[in-house]
Amino acid sequence: MIQSVCILGSTGSIGQSTLDVIARHPDKMSVYALTAFSRMTELAQQAFACQAAVVVVPDCAARKQFEQAWHYSAPCPEIRQGKEGLISVATDTAVTTVMAAIVGAACLEPALAAAQAGKRILLANKESLVAAGHIFMQAVRDHGAVLLPIDSEHNAMYQCLPTEAQISAPLAPYKTIERLILTASGGPFREVDPALLANVTPDQACNHPNWSMGRKISVDSATMLNKGLEVIEAHWLFAMPADRIQVMIHPQSVVHSMVEYTDGSVLAQLGQPDMRTPIAYGLAYPDRIASGVGMMDLLQLGRLDFTPPDFARFPCLKLAFDALNSSQAACIALNAANEVAVDFFLNEKIRYTAIASIIEHTMEQVEKHSHDLASIEAVLALDAQSRQVATSYAHSLFFVH
């Protein structure tokens, strides 16, 4: 049976890599739907190239842009709009597999809908678990969805599990796993004096030494907030307590993560820093297919380094551990405040070091009150509230160039 794939966020780096892998295996998979928030010309080019039946755009203005960009002889695909459009393609009966690659909380509802529809979900979105891990994982269990992590770190750990432990939404850690070890490149500032970080520019923060990524995720890598989100993800994906999840700085980005077992064995997954490898693993699971990634020359690599993270340089990582050890509300505040803060930073309205301050302030304000987060509506309401708190505080931190 040929997989019919819906790519949520097709114009982003994960979406583009997914299309590249799919194009290499037309006998095994095809694209049914693509979605994008912007870059309508690129969306049209993608839809034409992969013969997508459906596209989803955010609003009427984007729809018009897409239609204007469609100058091909082939019929224009069906165009759906907004959140309802995203949910409709994620649950469409024609879709077998959903690549959840929209950045931020906007992916939460369509990813959850895909779980409730029992789809095979390739999860590349952190926020679905960070903001609503308890709801999302319960939906996976209740509806028999298949959940495969695509983040390189979680995908690596998944590959290091025994077959019987590769289940979706476990309720407890696998019996012989002692510890999960997440590796992190350390980003562009891993050796920079923390006292100098206040003057970092957006371009410097986005200049990742190993990976080619979008600007938001590049800033998250620089602050290591992304690693903090991955710690929270790992907690939900593998039912692992926070005190059994460790982060190590590994500047070569070759060991993508490790799993330590009770007998002292440590299994690691190595590979080129190319997202097509975990994407191909998720698309083909339990088989393996060519990803387009070249073979690794270990002799040329020469050495692998591992050091502990410095919380003085990476306060956002400590805040993520604090949030996981505190509450789901704190995790929601952490993620929402970070999205706001990074946007302010990329628009050069706040200093780089203000990102951690905004996150910490928002978490403190949110944790002053109790929250019932049993529904997705409650999660989204707290997310919106956290963004308001973060935005207000960010305005107070404006600086003049």
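Worth saying up front: this structure is predicted, and the values here are computed from it rather than measured.
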Query raised in the report: What pairs with Lys216 under salt bridge (Lys or Arg N to Asp or Glu O under 4.0 Å), at least two apart in sequence or on another chain?
Result: Glu127, Asp220

Report summary line: Value for CG (Asp151) from CE (Met157), rounded to nearest 0.5 Å, stands at 9.0 Å

Query raised in the report: Does Asp263 CG have over 12 foreign heavy atoms under 6.0 Å away?
Result: yes

Report summary line: Output for pair (Tyr261 OH, Lys175 NZ), nearest 0.5 Å, gives 12.0 Å

Query raised in the report: Does atom CD of Glu191 have more than 12 heavy-atom neighbours from other groups under 6.0 Å away?
Result: no

Requested in this report: Can you sort out the partners of Gln365 under side-chain contact (heavy atoms from CB on, under 4.5 Å), two or more places apart, ordered by chain and number?
Outcome: His361, Lys368, Val389

Report task. Examine the side chains of Ser17 and Arg276 and answer whether a donor and an acceptor come within less than 3.5 Å of each other. Result -> no

Query raised in the report: Going by atom types only, do Ser10 and Gln46 share a side-chain donor-acceptor pair under 3.5 Å?
Result: yes

Query raised in the report: Where does the angle between the aromatic ring planes of Phe344 and His395 fall among parallel (under 30°), tilted (30 to 60°) and perpendicular (over 60°)?
Result: perpendicular

Report task. Answer yes or no: is there an ion pair linking Lys126 with Glu230, defined by an N-O contact shorter than 4.0 Å? Result -> yes

Query raised in the report: Does a side-chain N-to-carboxylate-O contact under 4.0 Å join Lys119 and Asp92?
Result: no

Query raised in the report: To the nearest 0.5 Å, how far apart are CG in Leu382 and CZ in Arg387?
Result: 10.5 Å

Query raised in the report: Between Pro309 and Met224, what is the shortest heavy-atom contact and its length?
Result: CB-CE, 4.3 Å

Query - Nearest-0.5 Å distance, CG of residue Leu161 to CD1 of residue Ile167 - result: 9.5 Å

Query raised in the report: With no hydrogens and no angle check, is any side-chain donor or acceptor of His143 less than 3.5 Å from a backbone partner on Gln116?
Result: yes

Query raised in the report: With no hydrogens and no angle check, do the side chains of His250 and Gln252 hold a donor and an acceptor under 3.5 Å apart?
Result: yes

**Report entry** Short side-chain donor-acceptor distance under 3.5 Å, Thr277 and Asp274
**Finding:** no

Requested in this report: May I ask you to decide if Leu334's main-chain N or O and Asn338's side chain share a donor-acceptor pair within less than 3.5 Å?
Outcome: no

Query - Minimum heavy-atom distance Ile376-Ala132, with the two atoms named - result: CD1-CB, 4.2 Å

Query - For Arg313, salt bridge (Lys or Arg N to Asp or Glu O under 4.0 Å) partners two or more places apart - result: Asp310

Query raised in the report: In terms of heavy-atom contacts, does CD of Gln51 have more than 12 from other residues, nucleotides or ligands at under 6.0 Å?
Result: no

**Report entry** Side chain proximity check, Met258 to Val255, heavy atoms < 4.5 angstrom
**Finding:** yes

Report task. Please report the shortest heavy-atom distance between Ala330 and Met363, naming the atom on each side. Result -> O-CG, 3.9 Å

Query raised in the report: Partners of Arg63 by salt bridge (Lys or Arg N to Asp or Glu O under 4.0 Å), sequence neighbours excluded?
Result: Glu67

**Report entry** ring-ring contact (aromatic ring centres under 6.0 Å, His included) contacts touching residues 280-302 (sequence neighbours left out)
**Finding:** Tyr158-Tyr285, Tyr281-Tyr285

Query raised in the report: Hey, what do you get for CD1 (Ile14) to OG1 (Thr11), rounding to the nearest 0.5 Å?
Result: 12.5 Å

Query raised in the report: Using 30° and 60° as the class limits, which term best fits the ring planes of Tyr352 and Phe189: parallel, tilted or perpendicular?
Result: perpendicular

Report summary line: Closest non-hydrogen contact found for Ala390 with Ala337 is CB-CA, 3.8 Å

Query raised in the report: In terms of side-chain heavy atoms, does Gln16 have a donor or acceptor partner in Glu42 at a distance below 3.5 Å?
Result: yes

Query - Minimum heavy-atom distance Val219-Cys206, with the two atoms named - result: CG2-SG, 4.0 Å

Report task. Fit a plane to each ring of Tyr72 and Phe48, take the angle between them on a 0 to 90° scale, and name the class: parallel (under 30°), tilted (30 to 60°) or perpendicular (over 60°). Result -> parallel

Query raised in the report: Closest approach of Ala111 and Ala100, non-hydrogen atoms and distance?
Result: CB-CB, 4.4 Å

Query raised in the report: side chain to side chain donor-acceptor pair (under 3.5 Å): which pairs involve residues 286-302, sequence neighbours left out?
Result: Gln159-Arg288

Query raised in the report: Checking Lys349 against Phe398: charged group under 6.0 Å from the ring centre and within 45 degrees of the axis?
Result: no

**Report entry** Rounded distance [0.5 Å steps], CG in Asp322 versus CD in Glu364
**Finding:** 10.5 Å

